[in-house]
Amino acid sequence: QPAGTEVEVRDLFYATPARLKFLKGGRTEFGHALDVVRRLSLAHPEIGFTLAEGPRPALRLAPAAGDLFSARSGRIGAVMGREFAENAVAIAVEREGVALSGLVSLPTYNRASGAAQFFVVNGRPVRDKLFIGAVRGAYADLLARDRHPSVVLYLEIRSEDVDVNVHPAKTEVRFRDAGLVRGLIVSAIKHALAGAGHRAATTVAGTALGALRAAAPAPALPIGGAFPSGARAQSFGLAEPPARDYQAPLAAFDGFADVAPAARVDPATEVDDGTAYPLGVARGQVHRTYIVAETEDGLVIVDQHAAHERLVEERLKRGLAEGRVARQILLLPEVVELGEAEAQRLLARSAEFAELGLVIEAFGLGALLVRETPALLGECDVRGLVRDLADELAETDQALALKERLDHVAATMACHGSVRAGRRLDAAEMNALLREMEATPFSGQCAHGRPTYVELKLADIERLFGRK
């Protein structure tokens with residue numbers, strides 16, 4: 001619309017008309033209008049919307065056809081974009097007369113703000129603290145604190161169980177049973193993400209490919225594509241290559257110290273082909289940090305430390321839920337020096353730590369004696385673990401039980417017991433890690449929302465080399 005004019009945005013069913021004035025050069029005002037129209041369009045997919053700034057429409061959405069589920073799905077894709085639709089999981093649950101449906105993004109598909117979070121209650125778009133807090137809680141163990149998922153959630157509830165007159169703009173609501181609604185949101189999101197298994201966002205590969213393309217190009221070769229030799233080789237900054245011995249044994253490739261070649265794999269320990277697995281079969285280890293695996297249509301690069309950290313964390317959580325966290329007795333108990341206040345915080349929770357497999361006791365003023373650690377952690381950094389747990393308690397609410405903060409505590413423990421970067425793995429260990437990732441929920445990302453692996457399709461690799 002021309003600068004200085006007003007556009008009326010009306011919620012056709014509930015809200016009173018709201019007037020948004022576009023000032024000259026006022027991009028902020030237009031951004032607010034766009035946000036309002038997006039929220040209204042998600043709430044009412046059966047209605048078409050057009051928003052224009054000047055002669056060209058900035059947003060044009062046709063009425064969605066089909067049943068309510070199909071209409072909502074189509075409108076979500078139109079508003080949120082194809083990338084969101086490709087990297088989201090569906091939710092459809094009902095509990096005690098409350099129905100929740102929609103799409104939530106994989107943890108590895110995240111943003112720097114919560115601007116891409118949309119909530120609809122009984123056909124009314126809302127921006128409610130309960131929803132925002134529940135979503136944050138559901139992703140607490142999967143994203144860093146400064147990252148936010150993208151979600152579109154629809155809540156259907158009896159009108160007598162919700163108060164819509166909390167805020168003048170009708171953007172907030174109050175539920176008669178807020179605990180039920182919050183618990184439904186958190187559990188539904190966690191269950192949906194767990195069902196996604198090791199899946200990571202498709203945008204991870206795009207980011208990796210973009211970084212590769214942005215790298216400096218290699219020096220151009222002379223016409224004909226052959227490397228120069230002799231004095232001309234030196235002028236190109238290249239060392240003269242040695243004479244080739246085509247009869248040299250394949251053992252010469254052992255010179256690559258940072259790669260564990262597949263030639264060393266014992267055929268008896270290698271799975272049949274292996275590339276049919278979702279994460280493929282391990283072909284080598286690069287810089288003792290990254291596992292390279294071959295799949296049917298590409299390759300996968302795995303961060304071994306981040307992946308194993310997630311696996312250990314999930315094992316710890318399962319063990320505690322089943323009441324069977326195995327412990328290992330330290331041959332020589334570890335003495336950890338702390339401040340007096342830190343030591344007291346940990347000792348006050350010693351019984352809860354024992355349930356998690358960590359047995360501590362007082363050892364003088366401001367010191368602790370660690371006698372047992374969770375068996376899953378193996379040979380872990382006991383002192384670093386205890387100090388990190390002390391920091392965890394200092395930063396969080398002391399009134400909460402450790403079980404209620406299990407995700408954070410398990411993540412802290414797992415970090416000290418996982419396969420570290422710099423450790424050489426053999427083929428059996430690498431393949432075992434890949435198979436466990438495929439069977440473990442949330443294994444596609446670490447506790448900070450970073451991907452544990454990057455998958456590159458063969459077509460993408462061929463484009464990097466100009467073959468397509």
Side-chain angles (χ1 to χ4, degrees), residues 84-95 98-110 117 131 133-145 147-155 180-204 277-279 300 302-303 306-325 356 376 402-415 418 432-453 455:
F84 172 76
E86 290 178 348
N87 297 290
V89 293
I91 288 176
V93 296
E94 185 174 356
R95 181 189 301 168
V98 182
L100 181 72
S101 60
L103 294 175
V104 298
S105 69
L106 296 169
T108 43
Y109 184 86
N110 53 66
Q117 295 181 4
F131 281 87
V135 169
R136 185 183 298 116
Y139 283 86
D141 183 39
L142 306 172
L143 284 178
R145 294 179 181 178
R147 304 300 298 179
H148 304 266
S150 299
V151 304
V152 179
L153 293 175
Y154 296 89
L155 188 77
L180 170 64
V181 175
R182 188 184 190 283
L184 179 63
I185 295 172
V186 173
S187 62
I189 293 177
K190 282 184 170 290
H191 182 75
L193 295 178
H198 69 278
R199 182 180 162 200
T202 58
T203 52
V204 172
Y277 286 112
L279 294 181
V300 169
V302 179
D303 182 333
H308 195 255
E309 182 178 328
R310 169 59 72 183
L311 298 180
V312 172
E313 179 183 346
E314 293 303 319
R315 286 188 211 162
L316 281 171
K317 291 193 290 187
R318 285 198 305 269
L320 183 61
E322 298 169 2
R324 54 174 185 81
V325 177
L356 289 164
L376 281 172
L402 289 179
K403 286 184 179 180
E404 296 178 15
R405 292 201 311 275
L406 175 60
D407 292 343
H408 296 289
V409 175
T412 302
M413 287 186 168
C415 183
S418 56
L433 183 65
L434 296 176
R435 302 292 79 79
E436 188 170 358
M437 287 178 66
E438 292 165 354
T440 303
F442 313 120
S443 62
Q445 64 278 321
C446 70
H448 304 292
R450 294 189 296 269
T452 57
Y453 72 91
E455 182 177 10

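Contact between Ala192 and Val89 at its shortest, heavy atoms only, is CB-CG2, 3.9 Å. Between Ala134 and Ile185, the shortest heavy-atom contact is CB-CG2, 3.7 Å. Across all their heavy atoms, Pro441 and Ala439 have their closest contact at CD-O, 3.9 Å. The minimum heavy-atom distance linking Pro149 with Leu143 is given by the pair CD-CD1, 3.6 Å. Shortest non-hydrogen contact noted between Arg435 and Tyr277 is NH2-CB, 3.2 Å. Of all heavy-atom pairs spanning Phe84 and Tyr109, the tightest one is N-OH, 3.7 Å.
Considering CD1 of Ile189 and CD1 of Ile91, their distance stands at 5.0 Å, rounded to 0.5 Å. Between atom CG of residue Leu184 and atom CZ of residue Arg95 there is a gap of 5.0 Å, rounded to the nearest 0.5 Å. To the nearest 0.5 Å, atom CG of residue Leu106 and atom CZ of residue Phe442 are 11.0 Å apart. Summarising the geometry, atom NZ belonging to Lys190 is positioned 6.0 Å from atom CG belonging to Leu142; distances are rounded to the nearest 0.5 Å. Between Arg199 atom CZ and Thr108 atom OG1 the span is 8.5 Å, to the nearest 0.5 Å. Atom CZ in Arg147 sits 11.5 Å away from atom CZ in Arg450 (nearest 0.5 Å).
Side chain to side chain, Asn87 and Ser105 fail the donor-acceptor criterion of an N or O pair below 3.5 Å.
The backbone N or O of Met437 lies less than 3.5 Å from no partner atom in the side chain of Thr440, so there is not a single donor-acceptor pair.
A salt bridge links Asp141 and Lys317; the closest N-O separation between the charged side-chain nitrogens and carboxylate oxygens is under 4.0 Å. Using a 4.0 Å cut-off between charged nitrogen and carboxylate oxygen, Glu314 and Arg310 count as a salt-bridge pair.
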message = Phe131 vs Leu155, test: side-chain contact (heavy atoms from CB on, under 4.5 Å). Steps then yes/no.
response = CA-CA 10 Å; Phe131 281 87; Leu155 188 77; 3.9 Å; yes
ask   = Can Leu279 and Tyr453 be said to form a side-chain contact (heavy atoms from CB on, under 4.5 Å), step by step?
value = CA-CA 9 Å; Leu279 294 181; Tyr453 72 91; 3.9 Å; yes
Residue pair Val98, Leu100: steps toward the side-chain contact (heavy atoms from CB on, under 4.5 Å) verdict = CA-CA 7 Å; Val98 182; Leu100 181 72; 5.8 Å; no
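Contact check for Pro107 versus Leu193: side-chain heavy atoms found under the 4.5 Å cut-off. Two residues are said to be in side-chain contact when any heavy atoms from C-beta on lie closer than 4.5 Å; Ser443 and Leu311 meet this criterion.
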